[in-house]
There are 2 protein chains.
Amino acid sequence: MKDAKAKVLLVDDEPDILEIVGYNLKNEGYQVFTAENGEEALKIAKKKKPDLIILDVMMPVMDGIEACEKMRKMPELDDTVITFLTARGEDYSMIAGFDVGADDYITKPVKPRVLVSKVKSLLRRRENVAPETSNILKLGNLVIDRDQYKIIYKKEEMILPRKEFELLSLLTTKPGKVFKREEILDVVWGNEVIVGGRTIDVHIRKLREKLGDDSFKTVKGVGYKYVK
Amino acid sequence: MKDAKAKVLLVDDEPDILEIVGYNLKNEGYQVFTAENGEEALKIAKKKKPDLIILDVMMPVMDGIEACEKMRKMPELDDTVITFLTARGEDYSMIAGFDVGADDYITKPVKPRVLVSKVKSLLRRRENVAPETSNILKLGNLVIDRDQYKIIYKKEEMILPRKEFELLSLLTTKPGKVFKREEILDVVWGNEVIVGGRTIDVHIRKLREKLGDDSFKTVKGVGYKYVK
DNA sequence: CATTGAGTTAACCTAAAGCTAACATGGATT
DNA sequence: AATCCATGTTAGCTTTAGGTTAACTCAATG
């Protein structure tokens with residue numbers, strides 16, 4: 001698990017909090033760094049590139065808002081999740097917090113158990129944000145939306161059966177490239193499954209039926225390719 | 001970084017959105033322009049030629065769909081990525097969006113960080129049009145594309161039958177080198193298959209037919225070589 | 001001018017892809 | 001639980017492109 005060795009930077013001016021929360025996080029297997037103010041936090045963040053930063057809002061020297069703002073400008077923290085720690089009631093800080101690029105906030109006082117589970121969920125979320133690389137592919141009059149498992153062909157929206165979709169999906173990752181049958185089996189079926197020799201053909205045929213004959217070219221003895 | 005100075009045009013009729021999103025994008029180093037309706041957006045787009053346009057669908061005066069349609073007709077925006085902002089649920093707008101030439105869509109509400117990472121990925125995608133790392137071999141007026149299993153000879157694209165392609169492929173790996181018939185059989189046919197004595201000749205003949213006589217030189221008693 | 005290896009041609013053969021319908025499966029729906 | 005339906009797979013047949021062969025011709029060499 002990546003989470004097992006995830007790095008967390010904890011920033012608060014109260015040593016008590018650093019200790020208690022830090023202890024609980026370490027217990028969960030996180031690698032914990034601490035800082036007592038924003039300035040210090042920035043230095044450590046730059047050096048350690050933590051996966052998650054928990055930032056108290058009210059701090060001397062440099063408050064959390066300002067620190068967060070600066071962190072968000074640091075390219076090495078692109079993939080870092082930042083969350084604020086705020087005393088209950090300071091509602092305004094939360095709003096300002098989102099403006100400066102924070103991902104979440106936690107209100108104090110917080111039970112360690114609750115905090116830990118929040119940390120977990122934040123780190124999990126981060127992984128779900130990363131593959132946010134929009135999964136839409138446009139090729140002439142064909143649009144493939146890998147997120148929604150649907151395609152739009154000649155302005156008509158349609159959903160394809162899974163295998164067909166995956167086959168199409170594969171072929172269109174590199175239009176023009178010839179994919180060997182073996183390659184196709186590996187990716188679409190998985191190299192442990194063994195399917196008959198005509199299975200690919202049948203799916204190609206169905207795709208041709210739906211998306212037009214000429215988009216899928218056969219290269220005999222080799223495989224198939226998608227052409228615009 | 002090119003991204004550092006990329007121009008983004010943000011179009012929405014809600015000033016709040018313009019401010020929050022605009023703020024976050026500026027924070028990332030983008031040069032941000034804003035417009036409150038499609039008409040205004042068109043003017044700014046024409047003048048500033050942004051790299052990315054984020055377009056709300058629902059707007060007074062001129063909606064995003066119409067604006068997009070008009071933008072796509074402007075030659076100065078050929079290299080511009082256009083993405084829609086749509087409230088979750090208005091699914092139809094997405095489909096219509098692709099019809100009028102949008103490249104992607106983003107659903108509201110969206111967290112600033114998510115939006116920023118989406119923006120990055122969209123701008124990255126735009127730059128990624130070129131780096132097609134394929135194995136292409138160029139030899140004078142002959143181009144051999146092993147991925148696409150096709151060749152281009154004198155600017156004319158053609159696909160060769162498998163054996164011919166492989167034979168050509170082999171000979172061109174070392175132009176000028178003489179390949180013994182035995183070597184050719186090993187590579188193209190596989191050393192277990194036994195084929196008659198005239199088989200190679202026939203394939204050479206077909207290649208000569210297609211690619212010109214003089215490219216393939218016979219070395220009597222030995223084999224063949226490819227010469228430019 | 002005989003021998004040897006390569007070129008040419010068209011007929012032939014075959015492996016690979018196309019096609020169709022039947023069968024299997026698993027997930028919904030009632 | 002029983003049924004239904006969409007998807008996926010298979011078997012078996014047809015079709016075809018590609019590959020091979022055989023038979024003959026040609027050119028070079030000694």
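Residue numbers begin at 1 in each chain, while the letters A, B, ... track the order of the sequences. Keep in mind the model is a prediction, meaning the values are calculated, not measured.
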**Student:** Could you pick out which residue, A:Glu209 or A:Val222, lies toward the 5' side of DNA chain C when each is mapped onto its nearest nucleotide?
**Tutor:** A:Val222
**Student:** Between B:Thr83 (side chain) and B:Asp104 (backbone), is there a donor-acceptor pair under 3.5 Å?
**Tutor:** yes
**Student:** Tell me if the aromatic rings of A:Tyr226 and A:Phe216 count as close, with their centers under 6.0 Å from one another.
**Tutor:**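 Judged by ring-centre distance (under 6.0 Å), A:Tyr226 and A:Phe216 do meet the cut-off.
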**Student:** Is there a donor-acceptor contact under 3.5 Å linking the side chains of B:Thr80 and B:Arg72?
**Tutor:**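 Distance-only check fails for B:Thr80 and B:Arg72.
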**Student:** At 4.0 Å (heavy atoms only), tell me whether A:Tyr224 reaches a base, stays on the sugar-phosphate, or touches nothing.
**Tutor:** sugar-phosphate
**Student:** Measure from CZ on B:Arg205 to C1' on D:dA27 and round the result to the nearest Å.
**Tutor:**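 So the CZ-C1' distance, B:Arg205 to D:dA27, works out to 17 Å.
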**Student:** Between D:dA27 atom C1' and B:Lys217 atom NZ, what is the distance in whole Å?
**Tutor:** 15 Å
**Student:** Let me spell it out: for each of B:Asp201 and A:Val219, pick the nucleotide of DNA chain C with the closest heavy atom. Which residue's pick is nearer the 5' end?
**Tutor:**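 Taking each residue's closest nucleotide, the earlier one in sequence belongs to B:Asp201.
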**Student:** Establish, from distance only, whether the side-chain atoms of A:Tyr149 and A:Glu166 form a donor-acceptor pair under 3.5 Å.
**Tutor:** yes
**Student:** Write down the distance between CG (A:Leu207) and C1' (D:dT7), rounded to a whole number of angstrom.
**Tutor:** 13 Å
**Student:** Count the heavy atoms of every other residue, nucleotide or ligand shown that sit under 6.0 Å from CD of B:Glu209, and state whether that count exceeds 12.
**Tutor:** yes
**Student:** Going 5' to 3' along DNA chain C, which are the first and last nucleotides with any atom under 4.0 Å from a heavy atom of chain A?
**Tutor:**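 First and last nucleotides in contact are C:dA16 to C:dT20.
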**Student:** Could you check whether any side-chain heavy atom of A:Glu164 comes within less than 4.5 Å of a side-chain heavy atom of A:Lys210, counting everything from C-beta outward?
**Tutor:** yes
**Student:** Cut-off 3.5 Å, side chains only: do A:Arg146 and A:Ser169 have a donor facing an acceptor?
**Tutor:** yes
**Student:** What is the per-nucleotide protein-contact pattern of nucleotides 14-20 of chain D, from the 5' end, where B denotes a base atom under 4.0 Å from a protein heavy atom, S denotes such proximity for sugar-phosphate atoms only, and - denotes neither?
**Tutor:** --BBSBB
**Student:** Spell out, as yes or no, whether a donor-acceptor pair under 3.5 Å connects the side chain of A:Tyr153 to the backbone of A:Leu211.
**Tutor:** yes
